[in-house]
Amino acid sequence: DTGVSQNPRHKITKRGQNVTFRCDPISEHNRLYWYRQTLGQGPEFLTYFQNEAQLEKSRLLSDRFSAERPKGSFSTLEIQRTEQGDSAMYLCASSFFSGTAYGYTFGSGTRLTVV
Amino acid sequence: DQQVKQNSPSLSVQEGRISILNCDYTNSMFDYFLWYKKYPAEGPTFLISISSIKDKNEDGRFTVFLNKSAKHLSLHIVPSQPGDSAVYFCAASLWNSGNTPLVFGKGTRLSVIA
């Protein structure tokens with residue numbers, strides 16, 4: 001078990017370009033979450049999956065954002081036509097929802113800078 | 001509308017003394033609370049949690065207190081150590097309503113001075 005892995009760690013992109021981030025959760029975890037963190041703020045919820053089903057999307061997730069979790073394993077978060085306001089740390093977390101266990105394990109994040 | 005509030009952006013404490021980090025919430029339906037610790041360039045790591053059926057949970061140097069009537073929780077670190085210097089996030093969830101995604105506060109930066 002190597003924890004939650006996120007790639008890339010850093011991404012610099014020009015405004016208007018598309019970017020895609022990947023998250024590999026802990027293998028036995030069935031829930032996967034995406035959060036965004038900007039300077040001076042706490043993590044803000046974007047979306048989450050239970051297995052391959054996307055169960056909830058935040059209003060922060062505009063139509064330029066899309067997330068997938070094919071086969072209930074890794075997940076990707078794509079941002080189309082990036083804007084400067086998208087610059088943030090994108091955090092992925094996983095957990096095992098059993099009714100008794102809780103607590104997320106976060107990855108180290110992908111820092112996006114839109115120039 | 002900030003449902004979880006950490007009103008102190010920063011806190012400075014001498015090594016060996018007690019650190020008290022505070023958190024308020026507005027949604028009375030929240031029934032599970034967690035504290036996370038974050039170092040620079042790393043993701044948050046789970047520290048301690050408490051269910052709304054309890055008013056105290058202790059784990060080594062860390063104790064979380066919950067006051068449901070005041071919608072307030074606090075994290076006590078005793079004794080504080082320089083390695084505790086980090087940003088601490090309070091988080092809340094509707095556990096009994098399907099384990100909803102955690103809602104985080106803005107964090108408090110703790111500096112423990114040797």
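In the text below, chain A, chain B and the rest are named by the order of the sequence lines, each starting its count at 1. A quick note: this is a predicted structure, and the numbers were derived from the prediction, not measured.
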(message) Can you tell me if A:Ile12 has over 12 outside heavy atoms packed within less than 6.0 Å of its CD1?
(response) no

(message) Are there over 12 heavy-atom neighbours, none belonging to A:Glu68, within less than 6.0 Å of that residue's CD?
(response) no

(message) Between B:Ile20 and B:Val87, is there shared hydrophobic-cluster membership here, with clusters defined by ILVMFWY side-chain heavy atoms closer than 4.5 Å?
(response) no

(request) Would you check if A:Phe106 and B:Phe46 make a side-chain contact, meaning some heavy-atom pair closer than 4.5 Å? (result) no

(request) Quick one: closest heavy-atom pair of B:Pro44 and A:Pro43, and the distance? (result) CG-CG, 4.5 Å

(message) Quick one: does any side-chain atom of A:Arg31 pair with a main-chain N or O of B:Pro101 as donor and acceptor, under 3.5 Å?
(response) no

(request) Starting at CG of A:Leu91, measure out to NZ of B:Lys38 and round the result to the nearest 0.5 Å. (result) 7.0 Å

(message) Taking A:Leu32 as the starting point, is it possible to reach A:Leu60 by hopping between hydrophobic residues whose side chains are less than 4.5 Å apart?
(response) yes

(request) Group every Ile, Leu, Val, Met, Phe, Trp and Tyr by side-chain heavy-atom contacts under 4.5 Å, then state whether B:Tyr32 and A:Tyr48 land in the same group. (result) yes

(message) Between A:Glu56 and chain B, with a heavy-atom cut-off of 4.5 Å, which part of the residue counts as in contact: side chain, backbone, both or neither?
(response) side chain

(request) Treat each ILVMFWY residue as a node, draw an edge where side-chain heavy atoms are under 4.5 Å apart, and state whether A:Met89 and A:Ile79 are in one component. (result) no

(message) Please check: side-chain N/O of B:Tyr36 versus main-chain N/O of A:Tyr104, any donor-acceptor pairing under 3.5 Å?
(response) yes

(message) Quick one, B:Leu102 and A:Tyr35 - any side-chain contact, counting heavy atoms below 4.5 Å?
(response) yes

(request) Group every Ile, Leu, Val, Met, Phe, Trp and Tyr by side-chain heavy-atom contacts under 4.5 Å, then state whether B:Phe65 and B:Phe33 land in the same group. (result) no

(request) Between chain A and each of B:Ala91, B:Pro9, B:Ala41, count heavy-atom pairs under 4.5 Å; write down the option with the most. (result) B:Ala41

(request) Sort A:Gln37 into side chain, backbone, both or neither according to what part of it lies under 4.5 angstrom from a heavy atom of chain B. (result) side chain

(message) How about CZ on B:Arg17, more than 12 heavy atoms from neighbouring residues, nucleotides or ligands closer than 6.0 Å, or not?
(response) no

(message) Using heavy-atom distances under 4.5 Å, tell me whether A:Arg111 contacts chain B through its side chain, its backbone, both, or neither.
(response) neither

(request) Using a 4.5 Å cut-off on heavy atoms from C-beta on, say whether the side chain of B:Phe104 contacts that of A:Phe45. (result) no

